[in-house]
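Fair warning: this is a prediction, and the values are worked out from it, not measured in the lab. Numbered from 1 within each chain, the chains take letters A, B, ... in sequence-line order. No hydrogens, no waters, no symmetry mates; every other heavy atom, side chains included, goes into these values.
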2 protein chains.
Amino acid sequence: MRATIYDVAREAGVSIAAVSQVLNGKGKISEERRNEIFRVMAKLNFQPSVIAAALTGKKTYTLGLLVPDISNPFFAEIARAVEDQVHGLGYSLMICSTDNKDDRLERYLTLLQQKSVDAVIIGTGIQDTQMLAPLLSKGMPTAMIARETPNMDVTTVVANDFAGGAAAARHLLALGHTHIAVVAERSRVRSSLERIRGVRHTLVEAGLSLPDDLVKYSGDALIKDGKYKAMELLQCEEAPTAIFCCNDLLAIGALQAAKDLSIRVPEDLSIVGFDNTILAAVADPPLTTVAQPTDVMCKTVVELLMQQLKHQSPVNRRIVLEPELVARQSTSAPRASNTGHQTT
Amino acid sequence: MRATIYDVAREAGVSIAAVSQVLNGKGKISEERRNEIFRVMAKLNFQPSVIAAALTGKKTYTLGLLVPDISNPFFAEIARAVEDQVHGLGYSLMICSTDNKDDRLERYLTLLQQKSVDAVIIGTGIQDTQMLAPLLSKGMPTAMIARETPNMDVTTVVANDFAGGAAAARHLLALGHTHIAVVAERSRVRSSLERIRGVRHTLVEAGLSLPDDLVKYSGDALIKDGKYKAMELLQCEEAPTAIFCCNDLLAIGALQAAKDLSIRVPEDLSIVGFDNTILAAVADPPLTTVAQPTDVMCKTVVELLMQQLKHQSPVNRRIVLEPELVARQSTSAPRASNTGHQTT
DNA sequence: TTGAAAGCGTTACCAA
DNA sequence: TTGGTAACGCTTTCAA
């Protein structure tokens with residue numbers, strides 16, 4: 001069994017209160033007593049129980065981090081950034097993959113509450129506005145990152161998805177594309193919707209349009225679905241000369257679709273991704289994509305959350321950071337009068 | 001404040017013992033009382049505190065998962081597989097990135113103990129054999145995955161790294177390569193060492209050799225260092241015609257090095273990775289790599305650990321699964337009498 | 001400067 | 001069947 005403060009107290013011939021004080025650097029304990037207690041703690045390999053401390057009102061030093069899928073490099077990178085941000089403060093992360101499913105989200109949310117995490121960082125979309133109510137009403141410090149829920153009064157740090165989509169569209173427009181399609185995540189993912197809105201807005205401003213049948217929504221298997229949806233797009237009568245994908249995984253799928261159909265990228269088809277994950281840099285050809293300032297975003301949520309933990313009062317700020325287009329080699333000017341690549 | 005069993009008991013006009021029993025489905029409670037209690041729990045939105053329960057000897061339903069870096073797709077994929085494996089059982093994962101640093105490992109190990117996790121899964125190398133002693137001696141169920149520590153009596157599930165390295169070497173040999181080099185992780189990473197041993201063994205068996213100066217060890221920035229080390233290799237007098245990289249990230253770096261030096265892959269240089277992460281499939285050209293059976297591995301550790309949790313006694317089995325070479329397009333026969341590609 | 005004792009939210013044992 | 005109550009390991013008054 002693990003040693004407790006009782007063991008330490010007995011061994012050191014003092015009361016448990018003394019041990020507790022030494023542990024927390026509080027109260028006044030004489031030098032010698034303090035040293036003696038430290039000695040015994042080391043000797044017994046005493047590890048104070050965070051559990052027991054938490055029960056008395058102290059923190060658990062554990063944060064919940066909810067993402068759609070930790071194996072998606074974008075979220076893995078976010079997780080790492082958040083981890084690095086809080087590790088020095090003694091916090092650990094409980095990472096939960098929701099698959100964008102409300103039931104999984106709910107399950108994890110109650111689990112995290114029952115496990116008394118100090119705060120929750122949510123990087124996954126939320127459909128049901130009421131989902132967070134239980135958390136918030138109990139005063140759980142909560143913040144959203146990279147995703148947001150409208151009409152929810154909760155601290156939020158996001159990239160400007162609309163602007164990101166618009167930047168992608170402008171890039172494509174500048175290259176001369178006029179026939180642009182979109183592959184998005186399931187239509188419930190708001191950030192995807194915002195990105196599409198950005199694209200559409202920009203196209204309309206340029207006198208073009210983005211008809212609904214040129215927007216395809218994928219399921220959960222991002223790469224595979226991205227490929228499948230891109231195929232649909234590329235095999236129709238009036239195939240687009242450029243596809244904007246709402247994340248890098250989908251873009252990778254589109255890349256594969258093009259390869260399978262012997263459509264050259266970027267000569268015959270331009271593809272733009274989103275997130276600027278490592279995949280974008282590694283893909284063939286390297287993917288033009290929209291980068292979110294993930295490091296700043298992570299740093300910011302953690303700061304906001306820590307404030308909230310300290311002041312006990314919700315901060316509820318909404319911070320929007322600007323994304324940036326990273327041009328690589330998956331985009332170029334369309335070939336002259338290129339109306340499509342039917343591959344019967 | 002959150003509702004407690006006291007609140008529920010008072011509201012339902014029963015004792016806390018009754019509430020506790022209902023909560024755990026134990027003891028004998030009359031139907032009506034039980035239903036009434038359930039009603040009150042729902043009404044109060046009562047969430048039992050795992051913390052408090054843990055203090056009385058029950059489990060925390062939390063597992064620690066230690067990996068070198070959660071943003072490395074290989075480990076992110078492992079994390080996801082483990083998560084899926086345990087989620088149904090009510091467990092959450094505390095994920096910790098060690099960067100292969102012993103001090104970070106140690107820090108996290110004591111943190112996890114203090115937070116009373118039920119078990120620890122270690123997917124990161126351990127240099128100091130004594131590092132796990134405190135854990136093990138306190139009876140913490142522990143298992144290693146994808147990494148191992150020799151002379152440590154602890155449950156282990158690994159891929160046969162030696163065989164993996166050998167498979168890579170045989171593949172290269174079969175293609176006709178005779179001048180093969182290696183880029184490895186820092187020399188402290190045992191699995192890397194085993195893979196190299198496999199390569200060397202196979203080369204020697206074929207009448208060739210793997211001189212030490214053809215084995216380069218990277219630092220922590222895997223891709224960048226992989227690139228840098230590959231450059232060193234490629235720019236020397238007798239550049240190799242093939243490079244085996246101890247993981248996909250390093251291989252990606254090697255790919256970049258080749259690109260920078262205008263060396264064509266696979267025509268002028270073959271590259272083999274390890275892990276078969278998503279990066280390998282996405283790279284340009286797609287990477288020939290050695291796949292570990294990660295899903296089976298994860299499933300197995302979890303089963304072993306759950307046994308250990310149930311029977312209270314360490315299982316300490318060592319399970320070795322066979323890896324498999326996945327041939328893609330980063331390897332081919334060397335060009336005839338190709339002795340090197342000086343790029344002075 | 002030190003110690004005794006009252007919680008914190010559960011569980012589990014023992015009476016009733 | 002039920003309820004009272006002593007743990008569990010720690011923090012935090014409050015006295016001494």
Just how far is it from atom [atom1] of [X] to atom [atom2] of [Y], taken to the nearest 0.5 Å?
{"X": "B:Glu148", "Y": "B:Ile126", "atom1": "CD", "atom2": "CD1", "result": "11.0 Å"}
{"X": "A:Glu106", "Y": "A:Leu111", "atom1": "CD", "atom2": "CG", "result": "12.0 Å"}
{"X": "B:Cys298", "Y": "B:Ile145", "atom1": "SG", "atom2": "CD1", "result": "4.0 Å"}

Starting from [atom2] on [N], measure out to [atom1] on [X] and report it in whole angstrom.
{"X": "A:Gln113", "N": "C:dG9", "atom1": "CD", "atom2": "C1'", "result": "16 Å"}
{"X": "B:Leu44", "N": "C:dG9", "atom1": "CG", "atom2": "C1'", "result": "15 Å"}
{"X": "A:Arg2", "N": "D:dC8", "atom1": "CZ", "atom2": "C1'", "result": "12 Å"}
{"X": "B:Ile5", "N": "C:dC8", "atom1": "CD1", "atom2": "P", "result": "12 Å"}
{"X": "A:Asn24", "N": "D:dT12", "atom1": "CG", "atom2": "P", "result": "6 Å"}
{"X": "B:Met41", "N": "C:dG9", "atom1": "CE", "atom2": "C1'", "result": "15 Å"}
{"X": "B:Leu23", "N": "C:dG9", "atom1": "CG", "atom2": "P", "result": "14 Å"}

Positions of residues 55-63 of chain B (non-hydrogen atom under 4.0 Å from DNA chain D), listed by number: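 Here the set is B:Leu55, B:Thr56.
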Any luck finding a side-chain donor-acceptor pair between [X] and [Y] under 3.5 Å?
{"X": "A:Gln114", "Y": "B:Ser49", "value": "no"}
{"X": "A:Thr294", "Y": "A:Glu77", "value": "no"}
{"X": "B:Thr155", "Y": "B:Arg317", "value": "no"}

Using residues 58-74 of chain B as the side-chain source, report each donor-acceptor pair under 3.5 Å to any protein atom, sequence neighbours left out, with the distance given to one decimal.
{"unit_1": "B:Lys58", "atom_1": "NZ", "unit_2": "B:Asn24", "atom_2": "OD1", "d": "2.8"}
{"unit_1": "B:Lys59", "atom_1": "NZ", "unit_2": "B:Tyr91", "atom_2": "OH", "d": "2.9"}
{"unit_1": "B:Thr60", "atom_1": "OG1", "unit_2": "B:Ser116", "atom_2": "O", "d": "2.8"}
{"unit_1": "B:Thr60", "atom_1": "OG1", "unit_2": "B:Asp118", "atom_2": "OD1", "d": "3.1"}
{"unit_1": "B:Thr62", "atom_1": "OG1", "unit_2": "B:Thr60", "atom_2": "O", "d": "3.1"}
{"unit_1": "B:Asp69", "atom_1": "OD1", "unit_2": "A:Arg80", "atom_2": "NE", "d": "2.8"}
{"unit_1": "B:Asp69", "atom_1": "OD1", "unit_2": "B:Ser71", "atom_2": "N", "d": "2.9"}
{"unit_1": "B:Asp69", "atom_1": "OD1", "unit_2": "B:Ser71", "atom_2": "OG", "d": "2.9"}
{"unit_1": "B:Asp69", "atom_1": "OD2", "unit_2": "B:Ser71", "atom_2": "OG", "d": "3.0"}
{"unit_1": "B:Asn72", "atom_1": "OD1", "unit_2": "B:Phe74", "atom_2": "N", "d": "2.9"}

Need one value for B:Ser20: base, sugar-phosphate or nothing, where a base atom within 4.0 Å counts as base even if backbone is also close, heavy atoms only.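 Base, at least one base atom sits under 4.0 Å.
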Remember a base hit wins even if backbone is also touched, and classify B:Gln47 as base, sugar-phosphate or nothing at under 4.0 Å, heavy atoms. sugar-phosphate
Do the non-hydrogen side-chain atoms of A:Met131 and A:Leu105 ever get within less than 4.5 Å of each other? yes
Looking only at side-chain N and O atoms, does B:Lys26 come under 4.0 Å of OP1 or OP2 in C:dT11? no
Polar pairs (N or O, both sides) under 3.5 Å between protein and nucleotides 2-6 of chain D?
{"unit_1": "D:dT2", "atom_1": "OP1", "unit_2": "B:Ser30", "atom_2": "OG", "d": "3.1"}
{"unit_1": "D:dT2", "atom_1": "OP1", "unit_2": "B:Arg33", "atom_2": "NE", "d": "3.2"}
{"unit_1": "D:dT2", "atom_1": "OP2", "unit_2": "B:Ser30", "atom_2": "N", "d": "3.2"}
{"unit_1": "D:dT2", "atom_1": "O3'", "unit_2": "B:Arg33", "atom_2": "NH2", "d": "3.3"}
{"unit_1": "D:dG3", "atom_1": "OP1", "unit_2": "B:Arg33", "atom_2": "NH2", "d": "3.0"}
{"unit_1": "D:dG3", "atom_1": "OP2", "unit_2": "B:Ser15", "atom_2": "N", "d": "3.4"}

Thinking salt bridges, do A:Glu83 and B:Arg104 make one under a 4.0 Å N-O criterion? yes
